[in-house]
Amino acid sequence: MEQIQNVTVLNHPLIKTNLAVLRDKNSDCELFNLALKRISYALFYEASKYLPTETIKVQTPIIDTENEVIKKDIDVIIAPVLRAGLVFSDIAQWLLPFSHVHHLGMYRNEETLEPIWYYNKMKGKFKNLDKTYVFILDPMLATGNSGYDAVHNFVKQGIDEKNIVFISLICAPEGIKKLTGAYKNLKIITAQVDLKLNERGYIVPGLGDAGDRIFNTL
Ligand code: URA
């Protein structure tokens, strides 16, 4: 694992092996989703290591003992950026069953590369701001324009950026620069940082359009 400031890049042979499947243009939808799910677990375990814990008493069949668990008085928000972010959502919810899922509906204007919002029903829902932890899910951090909007959406409601983790499968350096420049305390967890963006805002070498490959709409 490599960590540069707040960006953690998982560096593991299993992840690299699955990334090769994802990059391969001949991998079909079933294979693509399988490889993505396998990597999702690793990303999510790494991202959730920042959740606060408390000690509880547990009786084993052998003895009374103590064990650390995730604190019960926190609110965890899982925020998949539609539509590709949905691929991480069920695993995130399965690992953190007490979490709340807030969908962030945005698509990219292919000319300006700016996000256009079409769904966001989150307003006024956070009671416990300093104990709220957010996981934003988006497999491709490309220009960072929609990523910026997604983070801003929580920060403007009073959630501390240090409690926000952006989970992405592949990042472009341009997207990382945009997010880390704007949010110094935001954490980014990714499987790989690629070379660059092309003129259409796609990540190079990347894997193409993640949403199309996840949902078989090529
Ligand atoms: N979104 C994608 O799905 N792929 C890219 O390369 C960039 C943005």
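Whatever order the structure lists ligands and atoms in, that order sets their numbers, starting from 1. Residues take their numbers from the sequence shown, with the count starting at 1. Treat the numbers as computed from the prediction; the structure is a model and nothing was measured.
- For atom 5 (C) of ligand 1, the nearest protein heavy atom (residue, atom name, distance) is Tyr202 CD2, 3.4 Å.
- The closest side-chain donor-acceptor pair between Asn185 and Asn6, if any, does not fall under 3.5 angstrom.
- One hydrophobic cluster holds both Leu51 and Tyr41 under the rule that ILVMFWY side chains link at heavy-atom gaps under 4.5 Å.
- Each of the following atoms of ligand 1 lies closer than 4.0 Å to a heavy atom of Gly201: 7 (C).
- For Ala172, the closest heavy-atom approach to ligand 1 does not fall below 4.0 Å.
- The side chain to side chain donor-acceptor pair (under 3.5 Å) test with Lys131 singles out one residue from Asn163, Asp75, Asp73, and that residue is Asp73.
- Looking only at protein heavy atoms, the nearest one to atom 1 (N) of ligand 1 is Met140 CB, 3.8 Å.
- Atoms of ligand 1 found under 4.0 Å from any heavy atom of Ala210, numbered from 1 in the order shown, are 2 (C), 3 (O).
- At a heavy-atom cutoff of 4.0 Å, ligand 1 is contacted by the side chain of Ala142 but not by its backbone.
- Cation-pi check for Lys187 over Phe166 is not met; the charged atom does not lie both under 6.0 angstrom from the ring centroid and within 45 degrees of its normal.
- Taking a 4.0 Å cut-off on heavy atoms, Gly208 registers as neighbouring ligand 1.
- Considering both main-chain and side-chain atoms, Ile203 comes within under 3.5 Å of ligand 1 through a nitrogen or oxygen pair.
- Note on ring orientation: taking the six-membered ring where Trp is involved, the planes of Tyr118 and Tyr107 are tilted (angle from 30° to 60°).
- The closest donor-acceptor contact from the side chain of Ser99 to the backbone of Ile78 lies at 3.5 Å or more, if one exists at all.
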